[in-house]
Asker: 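Okay, handing you the structure first.
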Amino acid sequence: MTPCSHHYRPLSSSFSRTPADPLTPRPRPRPRSTFNPRPPPPVAATRLSCSTADTPEMVKAIRVHDLGGPEAMRWEEVEVGEPKDGEIRVKNTAVGVNFIDVYFRKGVYPAPLPFTPGMEAVGVVTAVGPGLTGRKVGDVVAYAGKPMGSYAEEQILPANVAVPVPPSIDHRTAAAIMLKGMTVHVLVRRVFKVESGHTVLVHAAAGGVGSLLCQWANALGATVIGTVSTEEKAAHATQDGCHHVIMYTKEDVAARVKEITDGKGVNVVYDSVGKDTYRASLESLAPAGYLVSFGQSSGSPNISMGDLAPKSLFLTRPSMLHYTGTRDELLQSAGEVFANVASGVLRIRVNHTYPLSEASRAHADLEARKTSGSILLIPDN
């Protein structure tokens with residue numbers, strides 16, 4: 001029996017005709033103490049189906065059939081269909097790599113198997129669904145978040161998740177900053193609103209998100225303390241706006257923070273590391289400070305609510321997807337990111353590029369902490 005061809009499409013499809021202009025940020029009340037150790041809700045994954053087409057249009061994509069290490073990712077042919085109502089087809093020109101891709105590949109976050117990883121890309125619209133307005137063939141668009149499936153030469157997207165890329169921003173910059181930049185926007189403007197006079201601690205300060213966090217917090221007038229593992233990364237963190245850099249491989253983080261702050265502690269800790277930094281994060285906070293845990297690259301910490309009581313601390317585990325769930329929120333967040341890139345507030349360092357077919361090597365380097373700044377996959381064609 002001849003195997004059926006694959007039909008590569010995302011599950012969701014909807015479209016809002018809201019104009020693509022960034023909206024004025026709406027004030028948000030100071031959040032209450034929250035604790036949500038659960039991962040973000042499952043994102044829409046790709047859907048495969050049999051096709052009876054005589055000449056199906058095939059593209060290459062990374063596929064994960066079994067959870068595991070970087071070797072679990074395979075370079076395969078899949079069929080990309082025509083866009084339906086509310087959808088567009090996009091030929092990707094640059095694909096962002098983020099640690100959340102590793103979480104899905106390992107099964108830390110759930111996704112139905114098999115799936116194509118990736119939650120960020122920039123590309124050119126090659127087809128538009130019937131009756132859809134506001135998008136046309138040739139448009140340059142970016143997306144970040146759901147549906148998962150950007151590790152592909154072409155993909156089908158709901159039109160309402162695609163954001164127009166300003167002509168002043170090149171494809172690689174947009175792909176490198178879309179998800180990370182909107183994550184940082186959520187962290188410094190929505191979850192905890194950083195202001196002049198605040199002192200913030202950023203773990204993994206030379207990483208893709210960390211470097212942007214340092215830049216944005218510095219621009220807002222905060223004193224920025226960053227932790228890094230090497231001298232090279234310390235230099236990058238300093239360039240990105242860190243006033244104080246702590247080498248956690250040589251120094252006690254909490255002790256150094258107390259020294260830098262004259263024993264007061266910091267107003268907020270942005271922690272993407274998790275298990276290895278949790279205790280230092282708690283000890284570094286001032287009374288009524290915020291621990292914003294937005295990743296767990298070293299594993300999930302052993303959290304007790306009793307950890308918060310001695311200093312009346314706040315703990316939150318945000319997901320960008322919950323803060324950009326509406327079209328207005330998405331456009332506002334992306335608009336602020338692109339505006340800060342254009343003004344020079346945010347400077348993206350694309351330090352590593354890999355062919356899309358070698359995504360497994362990119363993941364291996366990311367997990368081994370051999371990378372700094374942003375990582376991109378470039379389609380082989």
Side-chain angles (χ1 to χ4, degrees), residues 39-40 95-104 108-109 118-121 142 144-145 150 172-192 194 200-220 222 224-229 233-234 236-242 245 248 268-274 276-277 281 290-298 316-324 333-334 336-338 340-341 345-352 362-363 365-367 369-377:
V95 178
V97 176
N98 299 279
F99 218 95
I100 195 170
D101 304 340
V102 174
Y103 295 152
F104 278 107
V108 176
Y109 294 163
M119 303 183 72
E120 175 181 43
S150 64
R172 294 192 180 194
T173 297
I177 206 168
M178 187 69 177
L179 182 61
K180 300 173 186 68
M182 290 201 301
T183 296
V184 173
H185 170 259
V186 165
L187 294 177
V188 301
R189 305 309 292 155
R190 302 285 301 279
V191 176
F192 179 92
V194 175
V200 307
L201 174 62
V202 179
H203 289 298
V209 173
S211 62
L212 297 176
L213 254 173
C214 294
Q215 293 174 41
W216 206 325
N218 181 297
L220 291 169
V224 183
I225 305 171
T227 70
V228 298
S229 59
K233 290 184 177 182
H236 286 159
T238 300
Q239 294 170 5
D240 289 332
C242 274
V245 181
Y248 69 81
V268 58
V269 177
Y270 292 110
D271 190 343
S272 63
V273 179
D276 291 351
T277 51
S281 294
Y290 279 69
L291 173 50
V292 181
S293 173
F294 66 99
Q296 51 193 50
S297 60
S298 67
T316 182
R317 180 62 169 89
S319 166
M320 183 206 75
L321 300 177
H322 294 143
Y323 289 84
T324 57
S333 186
E336 288 201 34
V337 170
F338 288 147
N340 279 330
V341 172
V345 168
L346 296 179
R347 301 170 306 281
I348 193 73
R349 294 196 318 273
V350 181
N351 291 343
H352 311 274
H363 275 222
D365 289 349
L366 176 61
E367 290 185 88
R369 299 188 179 182
K370 294 180 179 179
T371 64
S372 63
S374 293
I375 305 170
L376 290 182
L377 302 175

Asker: Applying side-chain contact (heavy atoms from CB on, under 4.5 Å), name anything that partners A362, two or more places apart in sequence or on another chain.
Answerer: Y354, I375, L377
Asker: Could you pull out all residues at least two apart from T173 that satisfy side chain to side chain donor-acceptor pair (under 3.5 Å)?
Answerer: D170
Asker: Tell me every residue that passes side chain to side chain donor-acceptor pair (under 3.5 Å) with S293, counting only those two or more places apart in sequence or in another chain.
Answerer: none
Asker: For the residue pair T316 and F192, establish whether any side-chain heavy-atom pair is separated by less than 4.5 Å.
Answerer: no
Asker: Mind listing the closest non-hydrogen atom pair of S211 and G208 along with its distance?
Answerer: OG-O, 3.2 Å
Asker: Is there a donor-acceptor pair under 3.5 Å between the side chain of R347 and the backbone N or O of L212?
Answerer: no
Asker: Could you tell me which residues satisfy side-chain contact (heavy atoms from CB on, under 4.5 Å) with A142, sequence neighbours excluded, listed by chain and number?
Answerer: V122, V165, M178
Asker: Could you tell me which residues satisfy ring pair (Phe, Tyr, Trp, His ring centres under 6.0 Å) with H236, sequence neighbours excluded, listed by chain and number?
Answerer: none
Asker: Can you sort out the partners of F99 under ring pair (Phe, Tyr, Trp, His ring centres under 6.0 Å), two or more places apart, ordered by chain and number?
Answerer: Y103
Asker: Can H352 and L366 be said to form a side-chain contact (heavy atoms from CB on, under 4.5 Å), step by step?
Answerer: CA-CA 10 Å; H352 311 274; L366 176 61; over 6 Å; no
Asker: Could you walk me through whether V245 and V228 pass side-chain contact (heavy atoms from CB on, under 4.5 Å), step by step?
Answerer: CA-CA 7 Å; V245 181; V228 298; 3.6 Å; yes
Asker: Could you grab the distance from atom OG of S374 to atom CG of N98, nearest 0.5 Å is fine?
Answerer: 8.0 Å
Asker: Taking all non-hydrogen atoms of both residues into account, name the closest pair between A144 and M182 and its distance.
Answerer: CB-CE, 3.7 Å
Asker: How about F294 and V209: do any of their side-chain heavy atoms sit closer than 4.5 Å?
Answerer: yes
Asker: Would you check, one step at a time, whether the test side-chain contact (heavy atoms from CB on, under 4.5 Å) holds for R317 with Q296?
Answerer: CA-CA 10 Å; R317 180 62 169 89; Q296 51 193 50; 3.8 Å; yes
Asker: Is there a side-chain contact between S297 and R369 in this structure, where contact means two heavy atoms from C-beta onward sitting under 4.5 Å apart?
Answerer: yes
Asker: Is there a donor-acceptor contact under 3.5 Å from the side chain of R172 to the main chain of V350?
Answerer: no
Asker: Which atom names give the shortest non-hydrogen contact between G145 and L179, and what distance separates them?
Answerer: N-CD1, 4.1 Å
Asker: Does S298 use its side chain to pair, donor to acceptor, with the backbone of D276 at less than 3.5 Å?
Answerer: yes
Asker: Sequence neighbours left out, what passes side-chain contact (heavy atoms from CB on, under 4.5 Å) with S281? Give chain and number order.
Answerer: H203, V269, D271, T277, L291
Asker: Taking L187's backbone N and O only, do any of them form a donor-acceptor pair with Y270's side chain (distance below 3.5 Å, no angle check)?
Answerer: yes
Asker: Check the angle between the aromatic planes of H185 and W216 and answer parallel, tilted or perpendicular using the 30° and 60° thresholds.
Answerer: tilted
Asker: Apply side-chain contact (heavy atoms from CB on, under 4.5 Å) to A204 and list each qualifying residue two or more places apart in sequence or on a separate chain.
Answerer: S272, V273
Asker: Could you state the interatomic distance from CE (M119) to CG (D101), rounded to the nearest 0.5 Å?
Answerer: 7.5 Å
Asker: Looking at CG of L213 and CG of N218, how far apart are the two atoms once the value is rounded to the nearest 0.5 Å?
Answerer: 12.0 Å
Asker: Mind checking side chain to side chain donor-acceptor pair (under 3.5 Å) for Q239 and listing every partner two or more places apart, or none if nothing turns up?
Answerer: none
Asker: Closest approach of A121 and S150, non-hydrogen atoms and distance?
Answerer: CB-CB, 3.8 Å
Asker: Could you pull out all residues at least two apart from R349 that satisfy salt bridge (Lys or Arg N to Asp or Glu O under 4.0 Å)?
Answerer: D240
Asker: Which residues pass the side chain to side chain donor-acceptor pair (under 3.5 Å) test with N351, not counting sequence neighbours?
Answerer: S372
Asker: Taking all non-hydrogen atoms of both residues into account, name the closest pair between T324 and S333 and its distance.
Answerer: CG2-CB, 4.0 Å
Asker: Taking salt bridge (Lys or Arg N to Asp or Glu O under 4.0 Å) as the test, write out the residues that go with K233, two or more places apart.
Answerer: none
Asker: How long is the span from the CG atom in L346 to the NZ atom in K180, to the nearest 0.5 Å?
Answerer: 13.0 Å
